[in-house]
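Residue numbers start from 1 in every chain, and the chains themselves are labelled A, B, ... in the order their sequence lines are given, proteins ahead of strands.
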Number of protein chains: 2
Amino acid sequence: MPERRRWTVRDLRRDNRSVLLWSLYFDQPCSRQDLSEATGLSSASVSNVIRELIHEGIVVEAGSVDSDGGRPRVLLRINPDYGYVVGIDVGETRIQAELFDLTMTVRANADIPLEPREHGVDVVVDRILRCLSAVLADSGVPSGAILGVGVGVPGVVERGAEVVLYGQTYGWDAVPLERLLRTGTDLPLYIDNGANTMGQAELWFGAGQGARHAVVCLIGSGVGASIIGNGATERPGGSSGTEWGHTTVMVGGRNCRCGSLGHLEAYVGAEAILERYGLPLPGDDEESALAALIDLAETSPEAATVLDETALYLGAGIGDLINLFSPDRIILGGWAGLLLGHRMLPAIRSSAREHALSHPFAETTITVGRLGPDAVALGAATLPIQAFLNGTAVPASRRPAAPEEIRPTGTGRVG
Amino acid sequence: MPERRRWTVRDLRRDNRSVLLWSLYFDQPCSRQDLSEATGLSSASVSNVIRELIHEGIVVEAGSVDSDGGRPRVLLRINPDYGYVVGIDVGETRIQAELFDLTMTVRANADIPLEPREHGVDVVVDRILRCLSAVLADSGVPSGAILGVGVGVPGVVERGAEVVLYGQTYGWDAVPLERLLRTGTDLPLYIDNGANTMGQAELWFGAGQGARHAVVCLIGSGVGASIIGNGATERPGGSSGTEWGHTTVMVGGRNCRCGSLGHLEAYVGAEAILERYGLPLPGDDEESALAALIDLAETSPEAATVLDETALYLGAGIGDLINLFSPDRIILGGWAGLLLGHRMLPAIRSSAREHALSHPFAETTITVGRLGPDAVALGAATLPIQAFLNGTAVPASRRPAAPEEIRPTGTGRVG
DNA sequence: CCCCCTTCGCTCAATCCTTATAATAAGTGC
DNA sequence: GCACTTATTATAAGGATTGAGCGAAGGGGG
């Protein structure tokens, strides 16, 4: 029943090349020797592949380091300017784009606020494309040098013949986002759920480093979660974002934005927390209002009660994740998740302990995200990086001409 | 961060051999030509590998079939008597073992009831070993012909240096089951959660055939679920069983056997349903009591209310699974799951629709398992089958002598 | 300054696997 | 008996990894 593909001797090379790139990317700079040891490939093979990579401009030599009395080892690293990637965060209140080089250094960024309740498809698509043009222009990077554009969106992403979006709280139904964006750009697009992209950012660069199996909880106005097992490469075109926010923690409970009753999001989403408190709060946006509520809890019993309940429900939701996935690490993220986590982590942990089975709970650590709210864009940018490391993304300006067998009368490539 | 292994040209052969075996196993009988088409391998490679497999006795020729005017194609199939597998279901009320040949035909079975509340580790281990000996003796299969023994157990299975079991409702904590069984048998052991093994059985042979991503709900006295994505081969030593029964559907709700409050199992587990009804029922075990309750619901409003609530909570739990995993198929199994499913599928579906997001719900079909309560043992037996198809299981009697480099002075194996 | 030693990186023959092509085998229909 | 069709096997070619051997690059001692 499971579908397995055959392998040819060519796949072998592609795969080992990719193994080397991944290893080098996360352990820069290092020598050929180190790579040979880390990957298990013979030094001959490493040399062969690295020569190819240097010739293509992907890898560069970067000085050398003494070895105990022998020939010094030449250090290798990935050419940061071989190509660039863009990460775009399509949030509920704004769209943010960032352009990175291959070391994930920000080269340019752009922000456009979204009017509340103004989430028409055309508007959002237009804003995304404008953000994209803005970072391209601002950075001075020619579009031919872009490896790809990652987009983190709310809602369920379905990968079929084309990428289609379902954002029930957003009012989107079967939106062919990739096709719509295609009208404004030729760059390769990688679209995924925002919780997933943030999760990948924390896993690669933040609080998830070293974890084999992590769950990242994204709490903002809405609530999502990303389950990442042993590196995202294992789900090539598979599982979409998990709608953790719309799991039921109280049958017959509060109304949720999606129309159902008793969902987690109806208790621990920022919008829901503020509604449950009910009284006016200082601040003109949700973020400052929630911060104010948390401050107020020091003195106001009503505010404290609302927050205690929030911790209780959030802990129950986290307990569910622990029982279902047995992760080694759970990371609280999203702007509201960071606020709540910094303030109430002990209460959340304790509620999770009560709701989860004791053994899987003991194997998990619950922490607060380290990367801040920009992690969605950073994580979106890792999508094209991933494709690049797997060998499926090459910048247009470096792409070789079409093979001659296909165009028998062509003149071939220049140079 | 993700760990990827290098490939050698030898792995390639192993892998393609395995691809062929999987393809042949699920599409017996078929010709070399068919295999070439199904796997994408060239007919030359298919011939080479098949010759090897025939030489080893794994594959046999089985007649031939006319082709439109040309040389008839020779049909191949897996030798059913190349080896045998055993599947053992460690349930809460009994232990059952079945011995199968490679076509999954039952050759022998054995049953031992467990006294209620008598789940001491030593007792259970002893019963398992006794069941194993019984099927071996009954079938007349020599133990050297056994490919492996699969064991489906309740609770969380953790694979570290050795396999360890945590069964919170069972009263087991960190039980090294594999080591304990090892005292009574030398056969290769494959231990997994019972919900997982039943899930695999339904996926391979039952209501899950053709699904890419299925969730199987196991409802008996307790409640569990198995998430199976595109063939279980993708999680080599990874994820343990999912404790779906201990996810929270009602914060602060009913007491669960595990000590927590408001878990799904406290509403839809058979034991919990009977408790919620509270009145005496005919029948001396849970199974007949539940059947009686379902019959009674035709006339008794109290019974009907209990069942309606059950459907409501079960639907909420299923909705969670839909939102978290977006499976194409959800299968109700376990003895209580089958009873409830046959009676109340429409109510369960409708509750799930209310609790899940509309898009992932629309992509899912909810059905009742086709294999009946014996599926746990059948599924457990698929674990060694899987190892066999992957090329990592060979019966002892056919194993080649140990390589001489390792035991330079040894006499090797007799045989 | 020269020589020995250590370690790194490259070259080359050997080995293995898949594939494309050609050859052989085994039937049908006239 | 002969053309034709289809299935399977033999053969040569191409691509990949590997282990051994060799040159390269520096340190240290006389």
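- Here A/Thr8 lies in heavy-atom contact (under 4.0 Å) with sugar-phosphate atoms only.
- Within the nucleic acid shown, B/Val74 comes within 4.0 Å of sugar-phosphate atoms alone, with no base atom in reach, counting heavy atoms only.
- The side chain of A/Ser42 contributes no N or O atom lying less than 4.0 Å from OP1 or OP2 of D/dT17.
- Taking a 4.0 Å limit (strictly below) on heavy-atom distances, residues 48-61 of chain B reaches DNA chain D at B/Arg51.
- A salt bridge links A/Asp192 to A/Arg159: one of the charged nitrogens lies within less than 4.0 Å of a carboxylate oxygen.
- Within the 4.0 Å cut-off from OP1 or OP2 of C/dT18, at least one side-chain nitrogen or oxygen of B/Arg13 is found.
- Each salt bridge (Lys or Arg N to Asp or Glu O under 4.0 Å) pair with one or both residues in residues 17-30 of chain A, not counting sequence neighbours, appears once here: A/Arg17-A/Glu52, A/Arg17-A/Glu56.
- Nearest to the side-chain atoms of B/Pro72 among the listed nucleotides C/dA26, D/dG19, C/dG9 stands C/dA26.
- When the nucleotides C/dC8, D/dT18, C/dA20 are ranked by their closest atom to the side chain of A/Ala44, D/dT18 comes out on top.
- Here A/Asn16 reaches the OP1 or OP2 of D/dT17: one of its side-chain N or O atoms lies under 4.0 Å away.
- Considering only side-chain N and O atoms, A/Ser47 lies nowhere under 4.0 angstrom from the phosphate OP1 or OP2 of C/dG9.
- Partners of B/Phe388 by ring-ring contact (aromatic ring centres under 6.0 Å, His included), not counting sequence neighbours, listed by chain and number: B/Tyr82.
- Residue A/Arg73 has no polar side-chain atom (N or O) positioned under 4.0 Å from OP1 or OP2 of D/dG26.
- Listed by chain and number, the residues in a side chain to side chain donor-acceptor pair (under 3.5 Å) with A/Thr8 are A/Asp11 (sequence neighbours excluded).
- Every pair passing salt bridge (Lys or Arg N to Asp or Glu O under 4.0 Å) that includes a residue from residues 74-83 of chain A is listed here, sequence neighbours excluded: A/Asp81-A/Arg107.
- Applying the 4.0 Å criterion to OP1 and OP2 of D/dA16, one finds that A/Arg17 has every side-chain N and O outside that range.
- Every residue was checked against the ring-ring contact (aromatic ring centres under 6.0 Å, His included) condition with A/Phe205, not counting sequence neighbours, and none meets it.
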